[in-house]
Amino acid sequence: MRSIALDIPVTKTEHSRIGEVDMDHLQFGKMYSDHMLVAHYEDGEWKSAEIVPFANLSLSPATTFFHYGQAIFEGVKAYKDPEGNPIIFRPQDNWKRMNRSAARMAMPDVPEELFVDGMRKLIDIDRDWVPSADGTSLYIRPFMIAVDEFIGVRPAEKFMFIIMTSPAGPYYSKPVSIYVQDEFVRAFPGGIGFTKAAGNYGMSMYPTQQIKAMGYDQILWTDGYEHKYVQEIGTMNVFFVIGDTAITPDLAKDTILEGVTRDSVITLLREKGMKVEERPISIDEIATAYKAGTFKEAFGTGTAASIAPISELTFHENHMKLADPETWEVSNWLKKELADIRYGRKADTHGWICKV
Ligand SMILES: *Cc1c(COP(=O)(O)O)cnc(C)c1O
């Protein structure tokens with residue numbers, strides 16, 4: 001493992017807020033660690049990366065991303081290993097995905113030293129903010145925004161890259177109920193569905209608000225042409241266990257976010273000898289399997305939620321209920337296996353663990 005070679009200047013806070021955190025009752029995304037990494041891009045290159053106390057930004061109201069949404073982000077997690085050292089799960093994969101998002105949004109590449117080594121240095125400084133109880137972690141949020149002071153519509157020339165972190169408890173405490181959406185659309189070929197661009201989430205708020213009012217937790221999006229093939233959930237990829245096969249939508253049409261957890265799940269299931277299919281799957285196929293009694297499990301996968309069992313899938317009047325998620329073989333095995341790797345309790349045979 002490389003050492004932190006990057007020479008990022010550090011200004012430490014004089015007033016750590018760690019004493020204000022109740023590590024036993026962490027909520028997701030509400031507290032931020034003492035420090036953040038901030039880098040500026042100008043004149044075609046990254047300049048002046050530094051780690052500074054977490055603080056508000058001062059930006060002109062004319063800053064472009066406020067208006068036109070040239071903004072992308074990532075989500076990564078750090079865990080405490082059994083020796084109490086922080087470890088980060090697959091940050092290189094998030095770095096690569098960030099740059100795929102950046103290219104599509106006409107934003108500059110973030111160098112690996114800035115993204116990965118900068119993150120390691122930040123976590124090292126705020127290591128006391130990585131909680132150690134099972135199910136907890138330090139959520140890491142790298143993001144990039146366009147910061148030209150110009151309200152004309154054109155690709156920006158100035159950008160900021162920031163990494164902030166937040167101690168997190170378990171994301172969902174209960175199995176999720178899902179509403180299959182066939183009116184509003186999240187992504188279509190040629191669009192930005194495969195990126196973690198801010199606009200993908202902004203546009204989902206209204207449909208999500210509506211289904212929450214109906215008593216559901218999350219939307220499962222369907223394709224933009226036929227409203228028939230399932231894509232993914234708001235912030236999670238989706239898997240269905242039908243018969244002896246785990247099925248997840250394929251990435252072919254650039255409409256689905258290539259989840260790091262999705263890839264980890266596919267890898268682990270295949271190694272275990274389970275059949276995994278990445279292919280288009282229609283809501284009709286799922287409904288038919290439900291009727292036939294072969295639809296056994298459904299779960300979402302993502303960094304924030306890990307493995308989130310789906311207790312109900314509603315499509316129009318069809319309420320498909322899946323009982324007793326705590327007894328499901330595949331998702332519970334995955335949950336445990338992934339946790340063992342992420343918390344460094346099991347040997348890392350895939351090169352997924354990055355030491356700080
Ligand atoms: C972040 C995200 C995921 C999950 O990706 P991971 O890399 O596993 O965290 C899935 N779908 C969407 C839309 C997302 O934003």
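Whatever order the structure lists ligands and atoms in, that order sets their numbers, starting from 1.
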Out of the candidates Lys77, Arg342, Lys335, only one should pair with Ser306 under the side-chain hydrogen bond (donor to acceptor under 3.5 Å, both in side chains) rule; please name it.
Arg342

Salt-bridge criterion met for Lys228 and Asp284 (N-O under 4.0 Å)
no

In terms of residue, atom name and distance, what is the protein heavy atom nearest to atom 10 (C) of ligand 1?
Glu232 OE1, 3.4 Å

Identify the closest protein heavy atom to atom 3 (C) of ligand 1: which residue and atom is it, and at what distance?
Thr235 O, 3.3 Å

Of the side chain and backbone of Lys196, name the one, both, or neither that has a heavy atom under 4.0 Å from an atom of ligand 1.
side chain

Looking at Gly234, Ala197, Gly300, the heavy atom closest to atom 13 (C) of ligand 1 belongs to Gly234

Is any NZ, NE, NH1 or NH2 atom of the basic residue among Glu258 and Arg97 found under 4.0 Å from an Asp or Glu carboxylate oxygen of the other?
no

Of all protein heavy atoms, the one nearest atom 9 (O) of ligand 1 is Thr303 OG1, 2.6 Å

Any idea which atoms of ligand 1 are less than 4.0 Å away from a heavy-atom of Gly302?
4 (C), 8 (O), 9 (O)

Donor on one side chain, acceptor on other, Ser16 and Asp34, under 3.5 Å
yes

Describe, in one word, how the ring planes of Tyr216 and Tyr179 are oriented to each other, choosing from parallel (under 30°), tilted (30 to 60°) and perpendicular (over 60°).
tilted

Per the side-chain contact (heavy atoms from CB on, under 4.5 Å) rule, which among Val238, Ile233, Val241 passes with Phe299?
Val241

Of all the atoms in ligand 1, which lie at a distance below 4.0 Å from a heavy atom belonging to Tyr201?
13 (C), 14 (C), 15 (O)

As an exercise, identify every atom of ligand 1 less than 4.0 angstrom from a heavy atom of Arg97.
5 (O), 6 (P), 7 (O)

NZ/NE/NH1/NH2 to OD/OE distance under 4.0 Å, Asp340 and Lys336
yes

Among Phe161, Phe65, Tyr139, Tyr201, exactly one meets ring-ring contact (aromatic ring centres under 6.0 Å, His included) together with Phe73. Which residue is that?
Tyr201

Ligand 1 and Asn94, any nitrogen or oxygen pair closer than 3.5 angstrom?
no

Closest non-hydrogen atoms of Ser33 and Thr165, given as atom of the first, atom of the second and distance, are OG-OG1, 2.5 Å

Could you tell me whether ligand 1 has any atom less than 4.0 Å away from a heavy atom of Gly193?
no

A student checking ligand 1 against Val260 at a 4.0 Å heavy-atom cut-off should list atoms 6 (P), 7 (O), 8 (O)

Parallel, tilted or perpendicular: rings of Tyr32 and Phe54 (30°, 60°)
parallel

Proximity of Arg186 to ligand 1 by residue part, where a heavy atom lies under 4.0 Å:
side chain

Atom 8 (O) of ligand 1 - nearest protein heavy atom and its distance:
Thr261 OG1, 2.6 Å

Output the list of atoms in ligand 1 that are nearer than 4.0 Å to some heavy atom of Gly259, sorted by atom number.
5 (O), 6 (P), 7 (O), 8 (O)

Ligand 1-proximal atoms of Asn237, by part, heavy-atom distance under 4.0 Å:
both

